[in-house]
Amino acid sequence: MSDAEMKDPKDEIIEIDALDESADTEDDSSEGTNTEDEDTEDDDNDESIESKHIKEYIEILTKIAGDKYNYDNYAELLEVAHQMNDLDKIRQSAEIFAAMYPLSPEIWLRWLKIESSLATTDEEVEKVEKLFQRALSDYYSAEVALEFAALAMKTDSKAIAERIWKTLIPTYGLHTMKGRSIFEAYREDTLTKDGDSPASFNRLARIYEQELKIPLRNMEDSYIEYKLLCEKYKDVLTDLDAEKFERRYKQAKEALQRMLPHETALAALEAHCHQERADLYRKYIADCQTLLDDDEVQILYERMVTECCLDGAVWHEYVRYLHRCPPDAEDNTASPVFRQTELDLVNRALRNCTWSAELYVEKMRIVERQATPTSKMTILKIMEDVASAGLQTPEASVKVWLEYLTYLRRVTDFASEKERDILRANFDLAWNQLGRTWGVLADPQCKILQYWGRLEYEALGEPNKGRDLWYSVMASSDNSSRVGLWIEFIEMEAKRGPEAARKLYRKSITTAGLDDPETLAAAWLRFERCNGSLEQLISCQELCNATIEKYYKTISKNGPSNRATKGKRSEAIGTTAHKDSDASVAKRQASSMDGAGGSPPGKKKVKRTNDNLSDTVGERQEEFKTPAIPPLHSSSKNHDLSKPEPSKPQTVIDIDSESDAKAGGDQSRQVFVSNLSFEVTETDIREIFPDLAIESIELVASSSGKSRGFGYMQLASAEEVPKALSFDRRPLNGRPVFISNVARDKTTRPHQFKYSSSFEPNKLFIKGLPFNLGQEELRRLFEPFGSIKDIRIVCFRSGKSKGLAYLEYETETSAKNAVLKMDQHVIDGFTITVAISSPPPKKNPTATEPTLSVGDSGGSSSSLGSGKKLLGKWDVKQKLSPMIPTAVLKRSAAAASEEKPKSNDDFRKLLLK
């Protein structure tokens with residue numbers, strides 16, 4: 001065999017291994033080249049993503065600079081900062097966010113976890129500690145507190161840990177559901193830092209005793225642990241008072257049994273059910289308040305405002321509780337909850353609910369009670385904050401202005417003519433600013449003028465000006481029908497002398513549509529008995545009897561009035577209806593007013609005519625109104641279908657004849673049309689409703705034959721009625737045509753709007769809209785946030801938008817997101833204000849403060865956000881002019897060419913003159 005054939009097998013194996021290693025080296029070299037390429041590509045991608053984030057971050061900062069009230073921009077900025085993983089950017093964006101809005105517990109927790117994980121030195125831990133203190137000052141959050149407890153356990157510094165526990169234990173140790181976790185962490189940290197020593201075991205026993213006197217979930221487990229500790233270390237434990245401990249533990253257990261059902265109910269609620277959650281907390285507090293300490297009750301309020309932070313009512317309730325039961329700040333100086341004052345709390349509340357008039361009123365009262373040298377300037381700053389916040393309803397604006405004017409009255413020196421003039425100037429400013437902001441909706445009941453007028457009669461000392469102001473009040477809206485207002489006016493006018501009061505009594509008793517003429521008549525009779533002659537008393541009785549007789553004839557014919565009537569009177573009429581005729585009932589009611597000068601028994605009463613019966617309060621200009629739908633048959637309800645006009649005989653529509661003549665035929669196929677121009681004909685109506693099968697149209701005409709702007713449409717079938725109702729507000733000659741159901745029973749009318757007196761978490765109030773913005777454009781703007789249930793753009797009767805709208809979502813979450821994203825949004829140069837709808841409470845009707853009843857006109861509006869329209873002039877100036885006193889009107893007219901809207905600086909100078 002050759003040498004080649006004689007090779008050792010081991011050598012062959014070595015050669016093969018060498019070849020394999022060479023091949024592996026080549027492969028590794030190739031793989032190394034590929035890895036470098038991939039790393040380069042990854043670096044390029046990272047740089048691309050980073051530059052994209054930086055560009056996006058800068059763009060959002062620009063948006064915030066242009067619109068600092070848009071909550072969504074801040075949230076988006078913080079999210080981009082977290083995506084960049086840049087701690088400096090996270091800190092910067094969070095600080096920018098916190099400067100404008102309180103940060104939610106979730107936002108704080110995300111940031112604080114990053115800061116806690118990076119803190120290693122005591123100096124860094126102290127900085128993080130301050131951040132936790134800020135977070136706990138924004139909202140009460142057990143989750144943030146537990147993370148804070150973890151920081152205390154992490155640090156080696158006993159001083160820092162002790163500060164943290166002094167903050168957490170008095171506050172978060174009272175949380176019924178999470179308090180035990182806080183105490184467990186405290187005990188563990190105590191054992192870790194103090195070690196196993198008698199002092200440590202005694203301190204541990206004190207912690208258990210502190211915990212077990214508080215009603216906490218699973219406190220039985222802590223009780224068992226405490227007993228085992230006492231048994232194991234009974235030789236070293238001191239100061240044990242078993243009887244006192246058992247008594248406190250038993251009381252806490254009893255309180256816990258009462259509290260747990262409420263906690264279970266709260267836990268079962270979905271996150272978006274804010275109104276239901278607030279109601280459950282109110283019930284919780286009311287049920288358990290007697291069993292709990294003031295601090296434990298305050299913790300429940302803190303939990304309520306944290307979970308319902310956009311509900312101004314819960315904040316207001318908390319502020320009132322803190323006023324009644326202020327905590328002792330000296331006992332809990334480290335607690336962010338118990339060291340806060342009323343003013344601190346109301347400032348927290350206003351950061352969450354900038355639209356709440358009640359909170360601004362409460363803040364003014366708190367500042368006034370403090371009585372510091374800077375109180376006046378602070379209250380002035382509050383009014384400036386109100387102006388920039390933009391309240392969502394005119395009622396809220398009136399409420400804040402009334403509170404401010406009341407404060408000014410209390411601090412005004414009425415002996416100084418200069419200060420009296422300053423007070424008058426502020427009343428004038430309030431009235432004019434309300435008019436400019438709200439137009440036709442501004443203070444229709446003239447509460448500002450009522451207050452101003454009373455002050456002129458009394459403290460300001462100019463009764464003539466007060467009388468002018470009160471005449472303006474009575475000429476506004478339907479105030480002339482409010483007996484309570486007339487009596488208040490007469491009471492002040494009586495200071496000028498009996499003749500002035502008598503003149504006003506005569507004027508008031510002859511006013512059409514009085515809601516309670518009996519009370520007014522009785523007051524006048526008492527006045528004449530005290531101040532009048534025999535002839536004056538007899539004249540008063542005759543005029544009052546005639547008025548009341550006419551009033552009860554109307555009631556017996558049309559049924560009880562929609563206004564608040566005396567129950568006993570209505571009942572009396574009802575019980576005698578089968579025994580006496582309507583005339584005898586009215587005569588008997590009228591005769592009850594007779595006194596010594598009345599007709600003797602058995603003598604036939606002769607009704608004397610009196611020219612004053614035709615008097616009215618002031619001249620009323622004719623205005624176009626949408627009439628109520630006349631009922632088809634006689635009803636027990638009184639429908640005020642017409643009002644007298646000056647120098648014209650009163651026209652009373654006979655319900656029976658009117659319903660037969662105007663609304664005859666099959667009612668199930670009829671609809672009522674209104675807000676028509678007087679020139680509209682039947683042909684015009686048919687042309688704009690080509691999709692409807694219309695059998696006949698009957699337009700109601702006045703005695704002169706002129707159209708009254710409303711009528712009835714008879715359709716081919718009942719199925720056409722819903723279709724017709726869907727065409728409500730279709731324009732005709734530039735005016736929206738109102739279409740409504742003729743059903744007498746309001747409950748059967750579809751799409752009925754109901755006035756809500758409570759917080760409406762799924763409905764938005766929007767103002768500042770462009771006047772040419774339509775429903776579809778508004779829907780496109782707000783639809784991205786959720787399913788929309790209804791939209792109503794508030795319009796003048798001419799069809800022109802007022803720039804206001806109501807928008808109702810299917811869910812509360814959608815409404816909340818829309819507020820956060822769309823408030824202060826700019827549309828075609830208009831900055832809109834978006835807020836959760838929170839109507840003022842619906843009050844019971846009183847003599848001096850009437851309730852605006854939706855049903856007063858006999859049929860309520862059938863769309864979202866509608867209500868009773870109180871004034872009917874066609875522009876703001878015309879509507880407000882009749883309510884402004886002559887003296888003020890002349891002065892305003894003289895300065896109109898040169899007057900400019902007052903700025904905040906002007907406002908400040910005005911007060912400090």
Side-chain angles (χ1 to χ4, degrees), residues 474 478-494 497-558 560-561 563-570 572-573 576 580 582-618 638 640 643-644 649-650 652 847-848:
M474 302 312 296
D478 60 348
N479 287 341
S480 63
S481 65
R482 306 288 179 181
V483 165
L485 288 178
W486 279 115
I487 291 177
E488 185 179 357
F489 187 9
I490 293 166
E491 174 197 346
M492 292 181 289
E493 190 70 0
E499 194 56 40
R502 183 175 292 110
K503 181 179 179 181
L504 202 53
Y505 268 123
R506 184 176 295 275
K507 191 175 189 68
S508 62
I509 199 68
T510 58
T511 302
L514 290 173
D515 56 359
D516 189 5
E518 283 183 292
T519 299
L520 184 59
W524 188 11
L525 279 171
R526 283 192 297 273
F527 172 82
E528 293 297 355
R529 292 184 191 282
C530 294
N531 302 283
S533 64
L534 176 62
E535 292 303 321
Q536 288 169 335
L537 176 62
I538 293 173
S539 175
C540 166
Q541 285 178 329
E542 290 174 348
L543 188 53
C544 290
N545 287 340
T547 300
I548 293 172
E549 184 176 357
K550 182 179 179 181
Y551 173 70
Y552 277 103
K553 278 184 179 179
T554 304
I555 287 181
S556 61
K557 184 175 183 180
N558 297 341
S561 172
R563 296 191 183 275
T565 57
K566 294 186 177 181
K568 61 182 182 181
R569 289 290 182 182
S570 300
I573 293 174
T576 58
D580 304 295
D582 293 340
S584 63
V585 171
K587 189 182 299 181
R588 191 160 58 251
Q589 297 287 355
S591 65
S592 66
M593 296 300 303
D594 290 344
S599 302
K603 181 177 180 180
K604 183 177 180 181
K605 183 171 181 63
V606 178
K607 179 180 176 183
R608 297 186 183 181
T609 59
N610 192 316
D611 294 339
N612 289 321
L613 285 172
S614 62
D615 290 347
T616 58
V617 181
N638 179 36
D640 188 12
K643 291 186 178 180
Q650 183 175 358
V652 179
T848 60

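Since the structure is predicted, the reported quantities are computational estimates derived from the model, not experimental observations.
Listed for the Asp515 side chain is a donor-acceptor partner under 3.5 Å among the backbone atoms of Val483. Checking side-chain atoms of Glu549 against main-chain N and O of Ala546 turns up no donor-acceptor pair under 3.5 Å. In terms of modelled atom types and a separation under 3.5 Å, the side chain of Trp486 and the main chain of Ser480 share a donor-acceptor contact.
For the atom pair Lys507 NZ and Phe489 CZ, the distance stands at 9.5 Å (nearest 0.5 Å). Here the CD1-OG distance, from Ile487 to Ser508, works out to 8.0 Å after rounding to the nearest 0.5 Å. One distance of note links CD1 of Ile548 with CG of Asp516; it measures 9.0 Å at 0.5 Å rounding.
Glu499 pairs by the side-chain hydrogen bond (donor to acceptor under 3.5 Å, both in side chains) definition with Arg502, not counting sequence neighbours. Under the rule for a side chain to side chain contact (heavy atoms under 4.5 Å, CB included), the partners of Ala501 that lie at least two apart in sequence or sit in another chain are Ile490, Ala494, Phe527.
Between Tyr552 and Glu518 there is a side-chain heavy-atom pair separated by less than 4.5 Å. Under the 4.5 Å side-chain criterion, counting only non-hydrogen atoms from C-beta, Tyr505 is not in contact with Glu528. Within the 4.5 Å cutoff, the side chain of Ser481 has no heavy atoms near those of the Thr511 side chain. Side-chain contact between Ser539 and Arg506: present, with at least one pair of heavy atoms (C-beta onward) separated by less than 4.5 Å.
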Leu520 vs Thr547, side-chain contact (heavy atoms from CB on, under 4.5 Å): CA-CA, chis, key distance, verdict: CA-CA 11 Å; Leu520 184 59; Thr547 300; over 6 Å; no

Stepwise side-chain contact (heavy atoms from CB on, under 4.5 Å) check, Leu514 with Tyr551: CA-CA 9 Å; Leu514 290 173; Tyr551 173 70; over 6 Å; no

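Pairing each heavy atom of Leu525 with each of Cys540, the nearest pair is CD2-SG, 3.7 Å.
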